[in-house]
> 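Mind looking over this structure? Questions follow.
Only a predicted model underlies this, so the values are computations on that prediction, with no experimental measurement involved.
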Amino acid sequence: MSKLTDENRIDIYNKIKNGESPTYLSKQYAIGIDKIRYLVKLIDKHGYEILRTTKNRKLNSYEKKQIINRVLLGGETVLSVSIDEGLLGNGILFNWIKEYKKNCYNIVERKQGRPTMNKKESKPKKNETLEEENERLKKENLYLKAELEYSKRLRSVVQARKNPQQKKK
């Protein structure tokens, strides 16, 4: 429903309540019938205020885990939990559950913003002597060895954490 404005959503809701068919509205607004039905249920439960949010609501990892546990452990449906929590689409909760299972039943918070840029490779200077080039290459080699060693240790720590969790299943 990201391509719909708040006015479009309210218009769809009012048209559904006045008796127009969801199939006609889905063709008119180029969205799925299931999204229209979800929108109607969401507005019925929370009112128009749920649509007038200026920002996406941020949930911390504890709140996400509680919502996911309602589906996985509580036996509630994804649709009912999504509507109850006021998520703007039930696909959000499906993605949370998929990521939760993929990460060995751990909530992983994504970093916000742009990723950091990698360091640029050092380019050889035009008037670099053989000794200076040798020194530069030695430093670069040492840096790359340290980076490789770090990644190996990190991989072994992650693997060590993963193995006991897989045995508990």
> How many angstroms lie between atom NZ of Lys45 and atom CD of Glu85, to the nearest 0.5 angstrom?
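Those atoms lie 9.5 Å apart.
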
> Could you measure the distance from the NZ atom of Lys41 to the OH atom of Tyr38? Nearest 0.5 Å is fine.
10.0 Å

> Quick check for you: to the nearest 0.5 Å, what is the distance between Tyr13 atom OH and Leu39 atom CG?
9.0 Å

> Hydrophobic clusters here meaning ILVMFWY residues chained together by side-chain heavy-atom distances under 4.5 Å, can you tell me if Tyr24 and Tyr29 are in one?
yes

> Are the side chain of Asp84 and the backbone of Ser80 linked by a donor-acceptor contact shorter than 3.5 Å?
no

> Applying side-chain contact (heavy atoms from CB on, under 4.5 Å) to Thr77 and Val71, what does each step give before you reach the verdict?
CA-CA 6 Å; Thr77 64; Val71 174; over 6 Å; no

> If you take all heavy atoms of Gly32 and Ser26, which pair is closest and at what distance?
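Result for this residue pair: C-CB, 4.2 Å.
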
> Report the residue from Val81, Asn69, Ile67 that forms a side chain to side chain contact (heavy atoms under 4.5 Å, CB included) with Glu76.
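The side chain to side chain contact (heavy atoms under 4.5 Å, CB included) with Glu76 is passed solely by Val81 among Val81, Asn69, Ile67.
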
> Hey, could you give me the OG/CG distance between Ser82 and Leu42, rounded to the nearest 0.5 Å?
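It is 9.5 Å, given to the nearest 0.5 Å.
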
> Would the distance check show the side chain of Asn18 and the main-chain N or O of Asn14 forming a donor-acceptor pair, the cut-off being under 3.5 Å?
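Yes; at least one donor-acceptor contact below 3.5 Å.
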
> What pairs of residues pass the ring-ring contact (aromatic ring centres under 6.0 Å, His included) test when at least one of them lies in residues 58-97, not counting sequence neighbours?
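Matches after skipping sequence neighbours: none remain.
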
> How close do Ile92 and Leu88 get, counting heavy atoms only, and between which atoms?
CD1-N, 4.2 Å

> Quick check: do Leu72 and Lys101 have side-chain heavy atoms less than 4.5 Å from each other?
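They are in side-chain contact.
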
> Restricting to non-hydrogen atoms, name the atom on Ile12 and the atom on Leu25 that form the minimum distance, rounded to 0.1 Å.
O-CD1, 4.0 Å

> Could you tell me the separation between the OG1 atom of Thr23 and the CD1 atom of Ile36, rounded to the nearest 0.5 Å?
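Output value for this atom pair is 8.5 Å.
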
> At what distance, to the nearest 0.5 angstrom, does NZ of Lys15 lie from CD1 of Ile10?
13.0 Å

> Might you work through the side-chain contact (heavy atoms from CB on, under 4.5 Å) test for Lys17 and Asp44, ending with a clear yes or no?
CA-CA 10 Å; Lys17 289 300 177 180; Asp44 282 343; 3.4 Å; yes

> Salt bridge or not between Glu132 and Arg136? Use side-chain N to carboxylate O under 4.0 Å.
no

> Check whether more than 12 heavy atoms from other residues, nucleotides or ligands sit under 6.0 Å from atom CD of Glu149, and answer yes or no.
yes

> Please tell me if the side chains of Val158 and Arg161 come closer than 4.5 Å, counting only heavy atoms from C-beta onward.
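Not in contact.
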
> Would you please say whether a donor-acceptor pair under 3.5 Å links the side chains of Asp6 and Tyr48?
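Checked: Asp6/Tyr48 side chains show no N/O donor-acceptor pair below 3.5 Å.
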
